[in-house]
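Data first, discussion second: the structure below is written as structure tokens.
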Amino acid sequence: MHLNYLANIGRYIPEILLVILMVGLILIEATYKEDEKDRRYIFITAIIGLVATFVAILFNMGGKPQAIFTNSIVIDDFSSLLKLIMVLGTIAVVYLSRFSKDIYETLKTEFVIMAVGILIGGFLLASANNMLTLYLGIETLSILSYVMASLKKNDERSSEAGLKYALYGGVSAGIMLFGLSHIFGVLGTIQFTGVAAMIPNLTTVQMAILMPSFVLFFAGIGYKIAAVPFHMWSPDVYEGSPTPVTTFFAIVPKIAGIAVLIRVTSVFFTVESPMKVGWIGLMLVVSALTMTVGNVTAIGQKSVKRMLAYSSISHAGIMMASLVMIGDVGIRAVLFYAITYLFMTLVAFYITSIVQDKYGNDHFDRFSGLIYRYPWMAVMMTVVMFSLTGIPPLAGFVAKYNILSSLINSKFYTLAVILGLNSVVSAYYYLKIVRLMVLKQPESEEAIEGFGFLNQMIIVVMTLPIFVLGIFWETIMSFANVSKLFIN
Amino acid sequence: MISDIFLTIITMVFALMVVFSKKTVVSAFALLMTMLSIAMIYFQLGTVFLAAIQVLINAGAIAVLFIFVMMLINLEQFQNNREKGKVKLVISAITILIILGVFALIINNNIEVLAVNNIADNSMLLMFDKLFHVYYLPFEMATVLLLAALVACVVITGHEKNAKVELEGDKHE
Amino acid sequence: MLEGILEILIKIVVVLGIPLGALPIIIHVERRGAGFIQRRLGPNRVGPFGLLQPLADVAKFMFKEEVHPTHVRPFFYTAAPLIALVVALLPLACIPLFGTFEFDGRTIYPEVFRSDMGIFYAFAVSALGSYGILLAGWASNNKYTMLGALRACAQMVSYELSLSTAIVAMIFVFGTNDIHGIVGAQTGYWFGFLPKWGIFVQPVAGMLFLVGIFAESNRLPFDLAEGESEIVAGYHLEYSSMKFAIFFMAEYIHMLALSALFIIFFFGGYSLLPGLDLIPTDNAFILPLLQAVSFITKIAIMVWVFVWVRWTLPRFRYDQLMDLGWKRLLPLGLVNLIVTVLFVYFRNQ
């Protein structure tokens, strides 16, 4: 048994590093917290730990997919790639929280600890191979998210956000467990591969019991990625939370939720069966609705943060659209989209957060004339907005084109049309910011402290991949081609 | 068989009381009784340790906290404020019918993949064998989850560092 | 089949009868002991040495006017004392007075409820002990009772934790959670004269458990629930005559059950007192009898310790109590647990 443990642990090093990092951060905070200067230690330790995790994941990649810890966890390139995206997002958000005014000085260190905790939950979700690990991952993600949403203790919108998130999340977790328990009761196994083996051979009665159970299961995951019938919490939560927290929510839980959705779809539903038809129908409807609702509601927003929140809902819908093409094509498209989504979201939220810190609110008019005061930042924001809309030659265009062409190849014409229409509609609100930044005069001439030299450099560095991926996308595509799921 | 039906009926009655009772404290106590009934069901299925843990933790600590809070926050003035709507009624009815249909299918077709119905002499040993040899990763990750929840609770309820309350009795030391 | 039912009936009668019968004796010991510690005579008018005083008390309770206040919540007000009494009696179901013995070709286990979880049952049901007090305090619709009830409830939940860490450490040391196994591991002597009791193996856990059972049964120095000088009579303020008597009984029976648990873990349970094992046991009934006598003697000494501590120590303040429970006893219990686990692991290698 001991040798078995060690062999397993060798492939699990990123998560173990993260757990040690979290415990270490708590210990450091317990001993050091009196002085403000010592807060630096926690940030430095956190960033070093996260970078070490990044490197550890890179070392883990390239092997064949392997199920460890008696089949509870799968380590394969697919999950490793998504974990890389999550770690990069966390590093950027930890840095953002350092200088953001939205998080109180006394709570900055707790933010870092909780961010690492959420990351651990996201890692668990991305690698889950049985229902127990999936549920544990979702709960770890959720519980810390509830508290992170209410970090601005003196603001009642923040407390409202946390409360709504908690109530909604608790009910959704219960509903998901209900569905999962029925799946276990009928099929007798919690392993994904075990369930996948039994799905093609179901009797009618079992299918009649399992169809509602799978819908309930999807309800739990859909809540996490804010898919449409379950998205009611996201506007209030995204608006009420402090901006670094919103950035974090737009990246890590979404990517983790999409990861588990991809894994479930690809493992359970490869073989043709009536369940597969039902699931694909469900995904079609949900993704079409999500894209549309996200876009249409983002049109009327006056606050940039809320607009970005709704637009992230519609992007999650687009990622779900590529899931209906079960197989390599769909997975490749989603992975590429996830990478571009990460960078676009980070830059957009960074700039919004800095502007909000200066002016206290983030209405569209605060961005007026940004090009006259900080030309580089305005250019980066423009690039990101163009990329989000899907204008060539940027990465967003390549990602959307990929998904669109794969949809048309797989004969899902309606969904392709909906996707195209939504991209056109989204141009309105994305380009609204660009118009304000470039064509209007600035409101005031004060300097914005957040746009110091270091921060501008970081934002430019984060925007570079959007250019690079837009032009040199074959390397990433072939890389994403190799990432395969683990199917027994 | 009779005890199965009896326990099921009790659990459902108490669960419905939780949802439908007009007074919040009665609701919380019905929750406590639901948990005790579920403990009895666990005991009857043969997993005695789960029954003990259910009583100890769910009924003995969690329900106490619920009742504590309900008693402190006297919610009498909010009690008759439920909204009623036609749409809600229709959707609830459809959902209940679907769920009851699923249950009917399960019962009629005797779907019992893993039925444990006797109180074995080593039920604890069997359970812990599975827990520590097959599912040990979720077990360890649950400790991380608990640690995270602890940090979360401290963050949300913690006072600022320099607000320390002094008491009369401490001054004489 | 029939003998099975007869066996269970006899066990129930014995297990219910002995505590309820010992109750007057405990009450008497408390009142005379209080007098002895406070350098005064206790009750000595009703019968020789005041031995019939409990009888007089019962008569008083039965004939006293039962006040039915109108401002209480009816159902919970009546239910609370009953819940308190039942929950106090439940742990007794798994405590055997003597060891297993053969009778008519079958082994007879003297506890009423025997299962795989052994001693966990006692802790599971004593966790429900806070409900009687909570209900009583809240149903009385009175500020003072509410305060007393909430404080008592918080105290019980907090001290259950350190109690549990002590228990887990003891179960590691003994290797089993079956009561007969635990007592069996404590029979015998080291070096010929030192009995193998748990208190010598785990003194820290013993201390934690002792403090824990004082807190669980709401006895001084932890009796904030009925702190007389602060909140009049605490949670049983609005109760009179028989209902008050039921609370009274429930408290003493809880005390009895918890001291029985303490003796089982730390003082050898029903294993024979040091002198008694010299008596030859040819008859099959001598050994159980001696074991029962040892157990009852040990419990009696423990009850005297309860009374002794009650009239010696002053009451804790609420924040001191919480501080003790969470910041000092719980870490101590966890450290003890870790050391014990490491010790047991390396001993088994």
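Quick caveat: nothing in here was measured; it's all calculated off a predicted structure. Residue numbers start from 1 in every chain, and the chains themselves are labelled A, B, ... in the order their sequence lines are given, proteins ahead of strands.
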Below 4.5 Å from any heavy atom of chain B, which atoms of [X] appear? Answer side chain, backbone, both or neither.
X: A:Ile118; answer: neither
X: A:Ile73; answer: side chain
X: A:Phe178; answer: side chain
X: A:Met148; answer: neither
X: A:Tyr12; answer: side chain
X: A:Leu216; answer: neither
X: A:Ile68; answer: neither

Go through the atoms of [X] and report whether side chain, backbone, both or neither lie under 4.5 Å from a heavy atom of chain A.
X: B:Ile156; value: both
X: B:Val151; value: side chain
X: B:Ile99; value: side chain

*asked:* Between B:Met141 and A:Thr133, does the side chain to side chain contact (heavy atoms under 4.5 Å, CB included) criterion hold? Intermediate values first, please.
replied: CA-CA 8 Å; B:Met141 278 306 175; A:Thr133 322; over 6 Å; no

*Any idea which heavy atoms bring B:Val155 and A:Lys153 closest together, and the distance?*
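So the minimum-distance heavy-atom pair works out to O-NZ, 2.7 Å.
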
*Could you pull out the closest heavy-atom pair between A:Leu136 and B:Pro138, with the gap in Å?*
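Closest approach of A:Leu136 to B:Pro138, heavy atoms only: CD1-O, 3.1 Å.
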
*Taking everything shown except A:Tyr104 itself, do over 12 heavy atoms lie less than 6.0 Å from its OH?*
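Yes - once you tally the heavy atoms of other residues, nucleotides and ligands closer than 6.0 Å, there are more than 12.
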
*Could you tell me whether B:Phe6 atom CZ has more than 12 heavy atoms of other residues or ligands within 6.0 Å of it?*
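For B:Phe6, atom CZ is not crowded (no more than 12 foreign heavy atoms under 6.0 Å).
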
Can you measure from [atom1] ([X]) to [atom2] ([Y]) and round to the nearest 0.5 angstrom?
X: B:Ile106; Y: A:Ile209; atom1: CD1; atom2: CD1; result: 4.5 Å
X: A:Phe69; Y: B:Glu140; atom1: CZ; atom2: CD; result: 9.0 Å
X: A:Thr140; Y: B:Leu145; atom1: OG1; atom2: CG; result: 4.0 Å

*asked:* Are A:Asn130 and B:Tyr135 packed together at the side-chain level, in the sense that at least one heavy-atom pair is separated by less than 4.5 angstrom?
replied: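 Contact flag for A:Asn130/B:Tyr135 side chains = yes.
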
*Any idea which of B:Leu147, B:Ile98, B:Leu146 has the most non-hydrogen atom pairs under 4.5 angstrom with chain A?*
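The option with the most such pairs is B:Leu147.
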
